[in-house]
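This report refers to the structure that appears directly beneath it.
Note that this is a predicted model, so its numbers are computed, not measured.
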Amino acid sequence: MMRETPQAMDVALLLDWYDRHHRDLPWRVSPPMAQKGAAADPYHVWLSEVMLQQTTVRAVKAYFEKFLSLWPTIEDLAAAETEDVMKAWAGLGYYARARNLKKCAEVVAREHGGRFPESEEGLKLLPGIGDYTAAAVAAIAFNRRSAALDGNVERVISRLYAIETPLPAAKPEMRALALGLTPADRPGDFAQAMMDLGATICTPRRPACSLCPFRGSCRALVTADPETFPRKAAKKPKPLRLGAAFVAIDSSEAVYLQKRPDKGLLGGMTEVPGTDWSARRDGDTSIEAQPFAAPWEPCGTVSHVFTHFELRLSVYRASVGHARGAANGWWEPIGSLKEQALPTVMKKAIAKAIPQAFKAK
DNA sequence: CATTCGTGGAG
DNA sequence: TCTCCAAGAAT
């Protein structure tokens with residue numbers, strides 16, 4: 001039977017579904033333990049939520065374990081060197097998250113006695129914590145009623161109510177509907193149940209509607225094709241940008257590296273010298289752009305796709321007799337390159353110039 | 001509200 | 001190969 005709108009009964013069906021089909025995740029206290037009163041560690045919840053921003057569960061798991069191993073408590077993270085945090089984050093992307101993670105740990109450790117604020121408003125004041133993460137931590141770590149509106153929940157809500165308004169304009173409406181569904185007794189489990197539902201049943205393509213606990217009340221299931229929700233505004237095409245990267249190797253097999261500015265693209269990460277291709281313009285791809293005089297030889301191009309543009313780098317390589325000094329750079333032995341704060345595009349460029357650079361010994 | 005922030009897997 | 005997009009935040 002079809003009901004008009006989802007109500008308390010449907011929320012009960014969702015929680016029942018979650019009790020039986022929840023995912024077991026390293027940072028999660030699953031329903032059996034949660035029902036016995038076991039509380040999630042706010043540090044673990046926050047760390048996982050920041051890592052999971054626009055990032056898949058699969059990619060996050062190993063990083064989450066590594067971070068907990070390196071910094072078991074938020075005080076440990078607060079005391080860490082930012083450079084070490086950047087190195088540990090390398091490869092996960094959106095590097096502003098790593099810098100804000102460190103700042104947030106410092107604020108919580110030093111100004112809040114090591115304890116996270118329990119309210120959404122208090123959480124949102126912290127670096128790197130926005131609408132979603134504040135709501136998620138409040139709900140999951142502190143069992144507070146809040147609307148954690150992530151991509152999963154947007155999809156579930158948009159289908160449940162067949163919302164025609166495209167994103168992001170529909171977000172306030174979705175947030176209100178999600179909050180309206182949130183039960184007073186298990187807000188944390190409700191938030192996680194909605195996300196698990198979106199990740200495993202109410203998927204972007206080919207949703208498994210026959211298995212959905214909301215199948216008796218989903219508007220999209222009867223009025224349209226659920227797969228067409230949520231409605232979204234058309235996105236812009238990605239421009240192709242060009243640039244050059246210069247990989248210098250000295251006689252001791254060390255590569256010349258330097259640190260990027262803290263702000264902007266790949267902020268605070270490590271790079272090889274190159275042209276400026278991040279400032280809405282192509283860089284010089286010619287040998288004329290060399291950072292210092294050396295017998296540069298072209299060794300091909302590498303391509304890399306960022307969120308809003310595609311990059312094609314012309315890679316040059318040069319062997320220099322002995323390491324020469326440089327302003328803000330240093331010579332890094334090939335053997336320790338993999339431990340550096342090198343973003344993926346830089347690893348590609350170095351690997352193009354030195355094929356054996358990142359291979360196991 | 002629009003733009004700027006990575007990366008890798010799935011289809 | 002191409003498109004989508006994954007527990008979004010800061011400006």
For A/Pro168 and A/Leu342, take the nucleotide of DNA chain B holding the closest heavy atom to each; which residue's nucleotide lies nearer the 5' end?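 This one resolves to A/Pro168.
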Residue whose nearest DNA chain B nucleotide is more 5′ - A/Ala96 or A/Arg206: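 The residue mapped nearer the 5' terminus is A/Ala96.
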Spacing between [X] atom [atom1] and [N] atom [atom2], to the nearest angstrom:
{"X": "A/Leu92", "N": "B/dG8", "atom1": "CG", "atom2": "P", "answer": "10 Å"}
{"X": "A/Leu125", "N": "C/dA10", "atom1": "CG", "atom2": "C1'", "answer": "15 Å"}
{"X": "A/Tyr18", "N": "C/dA7", "atom1": "OH", "atom2": "C1'", "answer": "12 Å"}
{"X": "A/Leu52", "N": "B/dG9", "atom1": "CG", "atom2": "P", "answer": "16 Å"}
{"X": "A/Lys235", "N": "C/dC5", "atom1": "NZ", "atom2": "C1'", "answer": "7 Å"}
{"X": "A/Asp262", "N": "B/dT4", "atom1": "CG", "atom2": "P", "answer": "20 Å"}
{"X": "A/Lys103", "N": "C/dA10", "atom1": "NZ", "atom2": "P", "answer": "10 Å"}
{"X": "A/Tyr63", "N": "B/dG6", "atom1": "OH", "atom2": "P", "answer": "13 Å"}

Can you see if the side chain of [X] gets near the phosphate of [N] - specifically, an N or O under 4.0 Å from OP1 or OP2?
{"X": "A/Tyr95", "N": "B/dT7", "answer": "yes"}
{"X": "A/Arg58", "N": "B/dA10", "answer": "yes"}
{"X": "A/Arg155", "N": "C/dA6", "answer": "yes"}
{"X": "A/Lys171", "N": "B/dC1", "answer": "no"}
{"X": "A/Lys348", "N": "B/dT7", "answer": "no"}
{"X": "A/Gln54", "N": "C/dG8", "answer": "yes"}
{"X": "A/Thr344", "N": "B/dG8", "answer": "yes"}
{"X": "A/His304", "N": "B/dG6", "answer": "no"}

Less than 4.0 Å between a side-chain N and a carboxylate O, is that true for A/Arg20 and A/Asp16?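 A/Arg20 and A/Asp16: salt-bridged.
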Give a yes or no on whether a salt bridge exists between A/Arg206 and A/Glu227, defined as a side-chain N under 4.0 angstrom from a carboxylate O. no
Across the strands shown, which category fits [X] at heavy-atom distances under 4.0 angstrom: base, sugar-phosphate, nothing?
{"X": "A/Gly264", "value": "sugar-phosphate"}
{"X": "A/Ser48", "value": "nothing"}
{"X": "A/Val60", "value": "nothing"}
{"X": "A/Leu25", "value": "base"}
{"X": "A/Lys238", "value": "nothing"}
{"X": "A/Val305", "value": "base"}
{"X": "A/Gly91", "value": "sugar-phosphate"}
{"X": "A/Ala191", "value": "nothing"}
{"X": "A/Arg99", "value": "nothing"}
{"X": "A/Trp27", "value": "base"}

I'd like to know if the side chain of A/Thr55 pairs up with that of A/Arg97 as donor and acceptor (distance under 3.5 Å, no hydrogens or angles considered). yes
For [N] versus [M], give the span between their [atom1] atoms, rounded off to a whole number of Å.
{"N": "B/dC1", "M": "C/dG8", "atom1": "C1'", "result": "16 Å"}
{"N": "C/dA7", "M": "B/dT3", "atom1": "P", "result": "24 Å"}
{"N": "C/dC5", "M": "B/dC5", "atom1": "P", "result": "22 Å"}
{"N": "B/dG8", "M": "C/dA10", "atom1": "C1'", "result": "24 Å"}

Between A/Phe292 and A/Tyr256, is the ring centroid distance below 6.0 Å?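 Distance test on ring centres: under 6.0 Å, yes.
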With a 6.0 Å cut-off on the ring centroids, do A/Phe116 and A/Trp46 count as close?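 Here the rings of A/Trp46 and A/Phe116 have centres that are less than 6.0 Å from each other.
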Closest-nucleotide ordering on DNA chain C, the 5'-leading residue of A/Arg23 and A/Ile129: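 The residue closer to the strand's 5' end, by nearest nucleotide, is A/Arg23.
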5'-most contact on DNA chain C: A/Arg205 or A/Lys263, nearest heavy atom basis? A/Arg205
Ignoring the backbone of [X], work out which of [options] is nearest its side chain.
{"X": "A/Asp150", "options": "C/dA9, B/dG6, C/dA7", "answer": "C/dA7"}
{"X": "A/Phe306", "options": "C/dC5, C/dA9, B/dG6", "answer": "B/dG6"}
{"X": "A/Pro343", "options": "B/dT7, B/dC1, C/dA6", "answer": "B/dT7"}
{"X": "A/Arg97", "options": "B/dT4, B/dG6, C/dA6", "answer": "B/dG6"}
{"X": "A/Leu266", "options": "C/dA10, B/dG6, B/dC1", "answer": "B/dG6"}

Has [X] got its NZ or CZ under 6.0 Å from the middle of the six-membered ring of [Y], at an angle within 45 degrees of the ring axis?
{"X": "A/Arg260", "Y": "A/Trp277", "result": "yes"}
{"X": "A/Arg241", "Y": "A/Phe309", "result": "yes"}
{"X": "A/Arg99", "Y": "A/Tyr95", "result": "no"}

Base C/dG8 paired with A/Tyr132 side chain (donor-acceptor, <3.5 Å): no
Do the side chain of A/Thr55 and the base of B/dG8 come within less than 3.5 angstrom through a donor-acceptor pair of N or O atoms? no
Here's a test for you: under side chain to side chain contact (heavy atoms under 4.5 Å, CB included), which of A/Val156, A/Leu221, A/Val11, A/Ile201 qualifies with A/Phe214?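 Testing A/Phe214 for a side chain to side chain contact (heavy atoms under 4.5 Å, CB included) against A/Val156, A/Leu221, A/Val11, A/Ile201 leaves exactly one candidate, A/Val156.
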